[in-house]
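What follows is a short report on a single structure.
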Amino acid sequence: YKRIIIEILDRIDSICRKNNIGYSLAYGTLLGAIRHNGFIPWDDDADILMMREDYDRLREITNSGDYGLKFIDYTSDPNTIYPFGKICDLRTHVQEQNFIHVKDYGAFVDVFPLDYLPEDEKKRAAYCRKSRRMALIITHATRTGYVKSDSTITNIKKSVAFHMCRFVNYQKMIKRMQENFINNNKLPTSIVGVPWCRGGISFPVDYFTSLQTHIFEGKEYLVPVKYDIILKTQYGDYMELPPEEDQVNPHNLICQIGE
C-alpha cells in the first residue's frame with residue numbers, strides 16, 4: 001500500500017512542478033519526512049496542503065489528464081463524504097471501515113486546501129469552531145457505525161451523535177462549508193489555515209508559499225521552509241517518539257487492486 005501511495009505522490013509532484021503549482025507535505029506526512037525521512041513507521045497515509053487556487057488547478061489538471069488518478073471532492077463527486085480532496089489511484093478500490101462507501105475511492109493522498117482566516121484572533125477562533133462543528137456533524141452523518149470504547153459515557157455520547165446525525169444531509173453541508181470558505185477568500189488576509197481541522201493549521205501565508213525540498217522515502221518532495229515552527233506548534237517536541245502504546249495506525253481501511 002505504501003508503494004502505491006509513493007507512486008501517487010510522485011505523479012502529484014510531477015503535475016505540480018510542470019504547472020507551477022505549490023504544495024507541501026502536511027500533518028503526519030510532514031512529521032514523518034522530518035523525523036523519519038519517510039512514513040511514520042506505524043502510519044501509511046499521505047497528506048498535502050496547498051492554497052485554494054492551486055487546489056482548484058490541481059483538480060482540473062488531474063481530472064482532465066491521463067495520469068491514472070482521480071481527484072475526488074464535492075465538485076467532482078457529490079457523493080464524497082469529506083470536506084477536502086482525495087487523489088485516488090484508479091487501479092485500486094478502498095473501503096474505509098465504518099464509513100459510507102464511495103464509488104471510485106482508491107488508494108489515496110489527502111489534499112487539503114488552505115483558506116484565508118480572519119486577522120482578528122477572536123473572530124478567527126469563532127470561525128474555526130463553527131467550521132469544526134460542521135465537520136464533526138459530517139463525520140457522524142457519514143458513519144455506518146461507531147467503535148465502542150471502554151467508557152460507558154463516551155459510548156452513550158457516540159450513540160446519541162450517531163443517531164441524531166442520521167437526519168443530516170451531509171452532501172449539502174459539505175457544499176455549504178466549502179462555499180463559505182470560498183466566499184471568505186474574497187477578502188484575503190495574512191493568515192491561512194484549514195478552518196475545520198481540529199488542532200489544525202493557522203499560520204502566516206508565507207509559511208506555505210516559501211518551500212524547499214526534503215527527503216521522503218528516498219525521494220524529494222516539497223515542505224515549508226519554516227517546517228520547524230509548524231511542527232512545534234502542532235506536535236510540541238516532534239522529534240520525540242510517542243509512547244509505544246500510542247504507536248498505532250489510526251486508519252482502518254481495506255484496499256484492493258484491480259476489479
Discussion item. If the condition is salt bridge (Lys or Arg N to Asp or Glu O under 4.0 Å), which residues does Glu96 pass it with, not counting sequence neighbours?
Written reply: Lys86
Worksheet item: Looking only at atom types and distance, does a side-chain atom of Arg35 sit under 3.5 Å from a main-chain N or O of Met239, one as donor and one as acceptor?
Response: no
Fill in: Rounded distance (nearest 0.5 Å) linking atom CE of Met50 with atom OG of Ser24
9.5 Å
Worksheet item: Would you say the side chain of Trp196 lies within less than 4.5 Å of the side chain of Cys128, judging by non-hydrogen atoms?
Response: no
Worksheet item: Which ILVMFWY residues are connected to Val160, directly or by a chain of links, through side-chain heavy atoms under 4.5 Å apart?
Response: Ile156, Met164
Practice prompt. Return yes if a side-chain donor-acceptor contact under 3.5 Å exists between Gln95 and His101, otherwise no.
Written response: yes
Fill in: Met51 side chain reached by Val192 side chain, heavy atoms, under 4.5 Å
yes
Item to complete: Look only at the side chain of His163 and the backbone of Ser159, and say whether a donor-acceptor pair between them is shorter than 3.5 Å.
Response: yes
Worksheet item: Do side-chain atoms of Glu220 reach the backbone of Ile215 as a donor and acceptor pair under 3.5 angstrom?
Response: no
Discussion item. Are Tyr23 and Tyr221 an aromatic pair, judged by ring center distance below 6.0 Å?
Written reply: no
Item to complete: Just grab all the salt bridge (charged side-chain N to carboxylate O under 4.0 Å, His left out) pairs involving residues 13-34, residues at least two apart or on different chains.
Response: Asp13-Arg17
Fill in: Contact summary for Ala46 and Ile5, nearest pair of heavy atoms
CB-CG2, 3.5 Å
Worksheet entry | Any donor-acceptor N/O pair, Arg143 side chain to Cys165 backbone, under 3.5 Å | no
Discussion item. Taking the basic N atoms (NZ, or NE/NH1/NH2) and the acidic carboxylate oxygens, is any pair closer than 4.0 Å for Glu7 and Arg91?
Written reply: yes
Worksheet entry | Nearest-0.5 Å distance, CG of residue Leu222 to OH of residue Tyr227 | 14.0 Å
Practice prompt. For Lys232, check salt bridge (Lys or Arg N to Asp or Glu O under 4.0 Å) against everything at least two apart and list the hits.
Written response: Asp228
Fill in: Interatomic spacing from CD1 in Ile4 to CG in Leu9 - rounded to 0.5 Å
12.5 Å
Item to complete: Using the test salt bridge (Lys or Arg N to Asp or Glu O under 4.0 Å), find all partners of Arg133 that sit at least two apart in sequence or belong to another chain.
Response: none
Discussion item. Please check: side-chain N/O of His214 versus main-chain N/O of Ala33, any donor-acceptor pairing under 3.5 Å?
Written reply: yes
Discussion item. Checking Tyr82 now: which residues fulfil ring pair (Phe, Tyr, Trp, His ring centres under 6.0 Å) with it, not counting sequence neighbours?
Written reply: Phe84
Worksheet item: Okay, side chain of Gln212, backbone of Pro224: is any donor-acceptor separation there less than 3.5 Å?
Response: no
Practice prompt. Would you sort out whether Leu58 and Cys16 count as a side chain to side chain contact (heavy atoms under 4.5 Å, CB included), showing the intermediate values?
Written response: CA-CA 7 Å; Leu58 179 59; Cys16 288; 4.1 Å; yes
Worksheet item: What pairs with Phe208 under ring pair (Phe, Tyr, Trp, His ring centres under 6.0 Å), at least two apart in sequence or on another chain?
Response: none
Item to complete: Evaluate the criterion side chain to side chain contact (heavy atoms under 4.5 Å, CB included) for residue pair Met177 and Ile138; output intermediate values, then yes/no.
Response: CA-CA 10 Å; Met177 277 183 72; Ile138 291 166; 3.4 Å; yes
Worksheet item: So, do Ile191 and Pro118 sit near enough that their side-chain heavy atoms are less than 4.5 Å apart?
Response: no
Discussion item. When you measure from the side chain of Glu119 to the backbone of Ser190, do you find a donor-acceptor pair of N or O atoms at a distance under 3.5 Å?
Written reply: yes
Worksheet item: Of all residues at least two apart in sequence or in a different chain, which pass the salt bridge (Lys or Arg N to Asp or Glu O under 4.0 Å) check with Lys70?
Response: Asp104
Worksheet entry | Heavy-atom donor-acceptor pair, Gln256 side chain to Thr92 backbone, under 3.5 Å | no
Practice prompt. Answer whether the closest heavy-atom distance between the side chains of Leu31 and Leu25 falls below 4.5 Å.
Written response: no
Practice prompt. Would you please name every residue forming a ring pair (Phe, Tyr, Trp, His ring centres under 6.0 Å) with Tyr207, sequence neighbours left out?
Written response: Phe203
Discussion item. Quick test of your reading: applying salt bridge (charged side-chain N to carboxylate O under 4.0 Å, His left out), list the pairs with at least one residue in residues 36-53, sequence neighbours left out, ordered by first then second residue.
Written reply: Arg52-Asp115
Practice prompt. Sort and list the pairs that fulfil side chain to side chain donor-acceptor pair (under 3.5 Å) and have at least one residue in residues 54-63, not counting sequence neighbours.
Written response: Tyr55-Asp73, Asp56-Arg59, Arg59-Asp73, Arg59-Thr75
Worksheet, complete the sentence: Closest non-hydrogen contact found for Ala141 with Ile100 is O-CD1, 4.1 Å
Item to complete: I would like to know whether Tyr170 and Ile137 meet side chain to side chain contact (heavy atoms under 4.5 Å, CB included); could you show each step before the answer?
Response: CA-CA 8 Å; Tyr170 66 87; Ile137 291 170; over 6 Å; no
Worksheet entry | Pairwise side-chain contact, Phe108 with Ile8, heavy-atom cut-off 4.5 Å (strictly under) | no
Practice prompt. Run the numbers on Val225 and Leu211 for side chain to side chain contact (heavy atoms under 4.5 Å, CB included), then give the verdict.
Written response: CA-CA 5 Å; Val225 171; Leu211 304 168; 5.5 Å; no
Discussion item. Per the salt bridge (charged side-chain N to carboxylate O under 4.0 Å, His left out) rule, what does the pair list look like for residues 206-216, sequence neighbours excluded?
Written reply: Asp206-Lys226
Worksheet entry | Contact summary for Ala107 and Tyr1, nearest pair of heavy atoms | CB-CE1, 3.6 Å
Worksheet item: Under 3.5 Å, side chain of Thr80 to main-chain N/O of Tyr74, donor-acceptor pair present?
Response: no
Item to complete: Identify whether the distance between the nearest side-chain nitrogen and carboxylate oxygen of Arg11 and Asp89 falls below 4.0 Å.
Response: yes
Discussion item. Less than 4.5 Å apart, side chain to side chain, heavy atoms only: is that true for Ile6 and Lys219?
Written reply: yes
Item to complete: Could you tell me whether Glu121 atom CD has more than 12 heavy atoms of other residues or ligands within 6.0 Å of it?
Response: no
Discussion item. I'd like to know if the side chain of Asp246 reaches the main chain of Pro242, judged simply by a donor and an acceptor atom lying under 3.5 Å from each other, with no hydrogens or angles considered.
Written reply: no
Worksheet item: Do Arg132 and Leu136 come within less than 4.5 Å of each other through their side chains, counting heavy atoms only?
Response: no
Response to the item:
For Val194 and Pro113 the tightest heavy-atom approach is CG2-O, 4.0 Å
Worksheet item: Given side chains that start at C-beta, do those of Thr29 and Ile48 come closer than 4.5 Å, heavy atoms only?
Response: no
